[in-house]
Structures are given as structure tokens and as C-alpha cells.
Amino acid sequence: MRAYFLPYIEAALQKAGIETGTEIQIEKPTDKKFGDFSTNIAFLLAKEARKNPRELAGQLIGLFAFPEGTVTKTEVAGPGFINFHLDPGFVMRSAGAVLEEGEAFGCNEAGKGQKAIVEYVSANPTGPLTVGRGRGGVLGDCIANLFETQGYAVTREYYFNDAGRQMQILAESVRYRYLEQCGQVIEFPTTHYQGDYIGEIAETLFIEHGDGLASLDDLALFKETAEGIIFSSIRRTLERLSITHDKFFNEHTLYQSREGKPSGNQQVIDALDAKEFIGRYDNATWFMTTKLGQEKDKVLIKSSGDPSYRLPDIAYHVTKFERGFDLMVNVFGADHIDEYPDVQEALKILGYDTSKIRVAINQFVTTTVGGQTVKMSTRKGNADLLDDLIDDVGADATRLFFIMRSKDSHLNFDVELAKKQSKDNPVFYLQYAHARICSLVRMAAKEVGFDEATATGEGLPLLSSEPEIELASSLLDFPDVIASCLRFLEPQKMVEYLHTVAERYHKFYQECPILKADENVRDARLALSLCVRQVLRNGFRILGISAPESM
RNA sequence: ACCCUUGUAGCUCAGAGGAUAGAGCAGCAGUUUCCUAAACUGUUGGUCGGCAGUUCGAGUCUGCCCAAGGGUACCA
């Protein structure tokens, strides 16, 4: 819709002799009486045109030259809005085209030839995924799906570290539990991982080795076993939510020198050093962020000689640039919010174009059960597990609930609502609309020999009642909604949109008889239903939820 | 102490500086000889956390204050 009309608005501005870099905003008015779409350009351009908005708008409306049969009325309203009213026939014709476009409806090639990387989940293998992690995982997956609709070649990446101090603690934790299995009485340190899964890993080792490892000082076996078991559990959990990755990037590779070249970490140090942003004192190596106005420098290499997480993080992002990505999206939780600016500053100093990086930060999740709020905590062992949530409410509800609120708001996951089988539950409401259409199409095939394979949208202009036009009109918004989701890295808008489509379909279904209508009208209504089904499917695919054919 | 996010109807939340602030749920009143009532229709409900400012115009931008969550490691 926006893409269709934008050129005509630009042409009108040109005719008026207005040259401007101002972005033209086309919006859908909340009130129907203000037309099908409107623009506020007269406000935005009033100052530079040295006219008042109403006057400028009045001048502009004479200059629009839309194609025959599209816009029926253009008017100036309020303090200077320009409102456009669409020809219902145009709306119906356009909606009918959804059938021909099928899965491609909503897609375009804006990102063709461009490489994008979306990094998400990136949890270290120190324990099973928690509910909080799930939100970022689903968000990242949806964002990757969104970019794919624009023709980007998307790489989905998981960045992890299996070296480092946390893994050491993990190995020790397993060893303590293992010694308990062997019958030793030990005091389990409060600093270590408390979760039940540690005991289970220890049990696996005990079953396999008996007490043969009790005097083993080397932690390698404990670490490897734990990592193997935990990683496969993480992957299994992600798989249940249809979250996939093309690549698991091991942080450790940044520590290794290759082909005679220094390691990625070392290259970052050298490059920052050359720009005089490296300081060496207190036995450590520092990124001199005080030079950028920050209060303290940041440690890159600890006095122990090991890099802090910040250094490989920078080196990791360097690899993204070296791998030639045109767009890099990082998805992470609010607990990492302070880490990112340092990485960005370092990359800027190293001469990389950080405008290619976009960051999506999601706030935390609390779950409520029976009105009681349960806070999700990490690392304590009492953290709620994502797997348990999926067991409880299913994969579709888990996914949808994670993204049906904006990522910036703290999510209140109502477990009971997610299980409800009624319109209160958005998952059900959306899927029911889809199932209802499938059922209708099955019935039509049986009763009146309707063949969906040969159906076309050509008859849609026969339909002219309000529920039909409203429904068709909402279908045309789909590409704009995708654009909006991408602009804000916010799939929540898609959920809201699909809810509107479903709602209008239910209303249409209620008010317009389909199988009992005259043949031409019947087929047109069936075709419209197929268009709705297609939009729902395309939307569901972006959100990663299933499209059940019956319920 | 500082930094980030949030604060909008009883509840959960939308609101890209613009029109009379919107949905959904709950509440209240209705709809089934008819394709899925797992649905639909109508309706009640607001000091947009508070105060000041910028603007022709502020829920939206700025400052201060209040409240909730998160972060401020030679942990990741």
C-alpha cells in the first residue's frame, strides 16, 4: 500500500517544486472517516515552504495524479492532514492478488544481494535454557525470518564460550556431585551451580565409570561431559521451539593464531594499540575508555593473562565485518545492556562502520500462575526452565507469548491464559481463524465442488459490504506491517496485526453467508477466505507458529 | 551514587511530535432453524506516575522528582 502510493505523492511534491529530504509518512488513520490512508507531509514541509499546513495541503491535493480507479477522494482535513479514500473495487482487486502471490505476498527484494547476520541465544553451555533466554531466542528467530522476507541472505549465529571461568566452575560443580555419588560427604560451595542437572550429569559419569574418577584431578572429563550433555539439551529445547542456527561460533577460535597470523584477540589489541587506546598498568591490559569520556578504563586482558569477555567480544564483531556482512543484528537480554557500547566504541576506533550493526534488547520475563508472580532468576538453580514452560503450554503459545508484547516491556507470561482454549488466548484466536477457513474450504469442496487449486481472486470486486471491504483492506497492510516490524526490530506488531485480520475474518464469517450465497458471490467469498488464509500463513511463518487445519 | 528500560481504563498492553488517547480481557446487555458460538454485536470505564519547560501542537521531546525491573567485576 505504502509502496504503491509513495511514488505518486513524491511526484506531486515535485510538481509543487518542493525538494526535500524529509521522509514522507503515510499512516492509517484510526478513524475510518479520515480515509484509508493519510499523510502529514503538509505539517512537515510547512516551515520550509513558508506556508501554513492547511494552505500547503490545499495546494498539494490538486497535484496528485493517481491511476484511474484507485483513489476516489483526496481531502484536506483538520489542521492540515491530507486524507485519501480508496475505491472499494481497487481494494478488492488488490486483495485478490494475494492468491497469485501466495507465499511471496509480503516479500520483496529490498535486501537482495546483501548478507545479514542475526546473532541470538548465545548462551554458554553452563546449564539448561531458562525462560528468560527463550524470549531472546524467539525474538531473534523472528527477526531473522523478517529479514529473509526482504531477500537478505541471513546467517543465524550462536556465539558461545566453552573455555573461561564459568565453565571451570561448571566442571567443579559436576565433580563435587560426582564425589557425593561416590559416597563422600562434601560441602557443596554456594558459589557453584546448584541446579539438579548437575547431579544428573554426575550420575551419568558414575554409571559409566563407577568411582574410578574420584581421584582424578584433571577436570577435563567433567567439563567435556557436562558441556556435551548441556549443549545437546539446549539444542533440543531450541528445536522444540523451531529455533535454528546456521552456525555455532566458538569464542575459543578467537584465541588461536592461524596461518602465522596472530589470534583475533591479539589483532584487536595491536590495532587498538596503534590507535593509542591501549593502556598497560596494574599488571593488566586496558581499553582506555577514559579517553572517550568514561569514568573508568575497561580491562581487556586480566592480570592472570586471560582475556576478559570484552576482548573476544570485540574480536568476534571484527569477524562479522571480515566475513562481509552488510547488516548485523545482535539480540540479547537486558543484562547485557552495558556491554555493547564498549564493543561499538572499539569497532569505531578500528575504523568499522558501526551503522551496520543493530541491537535488539529484550527485557526480562516474569511468569504468573494463578495471579501469583514468579520472578525468573538465573544461576541459582531455581530458575524456571524453558523446557518446563514448553511442556506446560506448548511450543506455539510459548513463542507467541514471548513476542506478543514489545521487547522493551517487561513480559508478564500468564501461564494459565496460554493454556486456555478460547479467544482470550491470542494463540488460539489466531489459529482458530485459520482452522475455520480450512474447514470452510473442505466443506465447500464437498458440498459445492469448490476447487481451491483453481480459485482466483478475479471475482472479489463483486463483494462490497463493509465487513468484506474492511477485511480485504486489512490484508493489504501486510507488507507495511513487515516493514514496520523491521524498522523497530519488533515482531510484536505482526502479532497485533494478525489479531486484527482474524477478528475481521470472524466478523465477515458471522455476517456474510458463504456456501449459501449465489454462486458468483459464494466463490468470491471463498476466494477472499483463501486470501485471508494465505496472509495468516505468511504471518505465522514469520512468527514461527503452526497453522492448524482443524482444531 | 551513576547508567538502561518501564509507568496509559479494574487487568494485560498498543500508540513514527499531529485529528475527539485506542485494542483485548474482565463487567454489563444481547446474538445459534444457518458454513466450527473455540465465534459475533452493543455498551460502561482515562488527572496518559507527578511537576516544570520546548512547540502552532506533547501520552510522545527536554529537565527535575516518585515508583518497578535490570545493570554498573581483572564473571559472561
Side-chain angles (χ1 to χ4, degrees), chain A residues 23 25 27 29-31 33-34 38 40 42-44 46-47 52-53 77-81 83 122-124 126 160-161 164-167 169 251 282-286 295-296 298-310 312-313 333-339 341 361-364 366 368 371 375 379 404-412 414 417 420-426 428-429 431-433 435-444 447-448 467 484 487-488 492-493 495-496 499-500 502-503 505-517 522 525-526 529 550-551:
Chain A
E23 186 187 7
Q25 290 180 15
E27 48 192 30
T30 44
D31 194 325
K33 74 174 182 234
F34 296 131
S38 72
N40 62 354
F43 294 105
L44 302 177
K47 201 167 256 175
N52 78 49
F81 291 96
N83 295 337
S122 295
N124 285 341
T126 55
F160 73 102
N161 176 16
R165 173 147 175 74
Q166 294 305 320
M167 291 302 286
I169 293 174
E251 177 185 321
D282 292 350
N283 245 343
T285 303
W286 302 78
E295 277 178 38
K296 287 196 315 192
K298 301 290 169 57
V299 171
L300 293 180
I301 300 177
K302 300 183 265 186
S303 52
S304 66
D306 298 320
S308 78
Y309 63 88
R310 237 175 279 268
D313 239 28
D335 52 338
H336 285 244
I337 203 156
D338 281 349
E339 166 185 342
I361 295 168
N362 65 281
Q363 290 296 320
F364 283 137
T366 55
T368 57
K375 196 182 154 286
R379 213 180 288 192
M404 73 184 201
R405 302 293 176 233
S406 80
K407 63 184 186 304
D408 288 331
S409 77
H410 300 204
L411 177 66
N412 190 346
D414 184 337
L417 178 62
K420 241 184 187 172
Q421 315 233 324
S422 74
K423 68 169 294 196
D424 314 3
N425 181 349
F428 244 84
Y429 190 73
Q431 293 184 328
Y432 177 62
R436 202 174 206 185
I437 295 169
C438 291
S439 168
L440 173 72
V441 170
R442 279 194 300 270
M443 186 73 75
E447 304 271 318
V448 300
S484 178
R487 181 180 184 127
F488 297 99
Q492 180 267 337
K493 293 170 191 301
V495 181
E496 199 179 336
H499 196 276
T500 304
E503 190 172 46
Y505 186 75
H506 288 310
K507 186 186 171 87
F508 156 77
Y509 186 93
Q510 193 83 13
E511 298 192 8
C512 304
I514 300 170
L515 297 183
K516 292 189 170 45
R522 181 195 70 204
R525 287 181 176 158
L526 283 166
S529 299
S550 66
M551 289 169 77

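Below, chains carry the letters A, B, ... as their sequence lines are ordered, and counting in each starts from 1.
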Taking B/A16, B/A76, B/A19 as options, the one with an atom nearest any side-chain atom of A/Ser38 is B/A19

Nearest heavy-atom contact between A/Phe508 and A/Ser529 is CE2-OG, 3.8 Å

By the Watson-Crick or G-U definition, both distances under 3.5 Å, B/C2 is matched with B/G71

Next on the checklist: Considering every strand and a 4.0 Å limit on heavy-atom distances, what is the contact class for A/Gln421: base, sugar-phosphate, or nothing?
Outcome noted: base

Testing B/U5, B/G71, B/C4 for proximity to the side chain of A/Ile337, the answer is B/C4

Glycosidic torsion of B/U41 (syn if within 90° of 0, anti otherwise) classifies it as anti

Looking only at B/C74, B/G24, B/C40, the nucleotide nearest the A/Lys507 side chain is B/C40

**Prompt:** Base, sugar-phosphate, or nothing for A/Ala435, non-hydrogen atoms under 4.0 angstrom?
**Reply:** base

### Query
Which part of the nucleic acid does A/Met443 contact within heavy-atom distance under 4.0 Å: base, sugar-phosphate only, or nothing?
sugar-phosphate

note: A/Tyr432, atom OH; B/C40, atom P; distance rounded to Å ~ 9 Å

As its Watson-Crick or G-U partner within any shown strand, both distances under 3.5 Å, B/U41 has B/A29

Which of B/U6, B/A14, B/A76 is nearest the side chain of A/Ser406? It is B/A14

Against the side chain of A/Gln510, the closest entry in B/A38, B/U31, B/A19 is B/U31

Among the nucleotides B/G70, B/A23, B/A19, whichever has the atom closest to the side chain of A/Glu503 is B/A23

Winner on side-chain proximity to A/Phe428, out of B/G18, B/A76, B/A38, is B/A38

*Checking all strands, does A/Cys438 fall into the base, sugar-phosphate, or nothing category for heavy-atom contacts under 4.0 angstrom?*
nothing

Using the six-membered base ring of B/G70, report whether A/Phe364 stacks on it, requiring centroids under 5.5 Å and planes under 30° apart. no

Checking B/A37, B/G18, B/G71 against the side chain of A/Asn40 (C-beta onward), the nearest is B/G18

Do the numbers put A/Arg436 on top of the ring of A/Tyr505, so that NZ or CZ is under 6.0 Å from the six-membered ring centre and no more than 45° off the axis?
-> no

>> Tell me whether the side-chain N or O atoms of A/Arg436 pair up with the base of B/A38 as donor and acceptor below 3.5 Å, since no angle test is needed here.
In response: no

When rounded to whole Å, the OH to P distance for the pair A/Tyr429 and B/U36 reads 17 Å

In Watson-Crick or G-U wobble terms, with both distances under 3.5 Å, the base opposite B/G46 is none

Regarding the side chain of A/Arg405, the nearest nucleotide among B/C35, B/C75, B/U12 is B/U12

Correct closest heavy-atom pair for A/Gln492 and A/Ser406 would be CG-N, 3.5 Å

>> Using the six-membered base ring of B/A19, report whether A/Phe34 stacks on it, requiring centroids under 5.5 Å and planes under 30° apart.
In response: yes

Pairing partner of B/A76, by Watson-Crick or G-U wobble and under 3.5 Å for both distances, is none

Base of B/C74 paired with side chain of A/Ser303 (donor-acceptor, under 3.5 Å): yes

Q: Select base, sugar-phosphate, or nothing to describe what A/Tyr509 touches, counting heavy atoms under 4.0 Å on all strands.
A: base

Ring centroids only, cut at 6.0 angstrom: are A/Tyr429 and A/Tyr432 within range, meaning strictly under it? no

Here the distance between atom P of B/U72 and atom NZ of A/Lys296, to the nearest Å, is 10 Å

Answer with base, sugar-phosphate or nothing: what part of the nucleic acid does A/Lys493 contact at a heavy-atom distance below 4.0 Å? sugar-phosphate

Side-chain donor or acceptor of A/Asn83 under 3.5 Å from a matching atom on the base of B/A19?
yes

Rounded to whole Å, the CG-P distance (A/Asp414 to B/G24) equals 18 Å

Scanning all shown strands, the Watson-Crick or wobble mate of B/G63 with both distances under 3.5 Å is B/C51

Quiz item: Looking for any heavy atom pair under 4.0 Å, which part of the strands does A/Thr500 touch: base, sugar-phosphate only, or nothing?
Solution: nothing

Of the candidates B/G69, B/A14, B/G70, the side chain of A/His410 sits closest to B/G69

Mind checking if A/Ser439 touches a base, just sugar-phosphate, or nothing, with heavy atoms under 4.0 Å? base

Heavy atoms under 4.0 Å, any strand shown: does A/Phe43 hit a base, just sugar-phosphate, or nothing?
base

- Message: By the 4.0 Å heavy-atom rule, please label A/Ala77 as base, sugar-phosphate, or nothing.
- Response: base

For this session: Look at the side chain of A/Tyr309 and the base of B/A76, then say whether one donor and one acceptor between them are separated by less than 3.5 Å.
Result: yes

Paired to B/A9 by Watson-Crick or G-U wobble criteria (both distances under 3.5 Å) is none

*Remember a base hit wins even if backbone is also touched, and classify A/Lys407 as base, sugar-phosphate or nothing at under 4.0 Å, heavy atoms.*
nothing

Between CD of A/Glu27 and C1' of B/G15 the distance, given in whole Å, is 11 Å

message: Base, sugar-phosphate or nothing for A/Thr126? Non-hydrogen atoms, less than 4.0 Å.
response: nothing

**Touch class at under 4.0 angstrom, heavy-atom based, for A/Asp282 against every strand present** = base

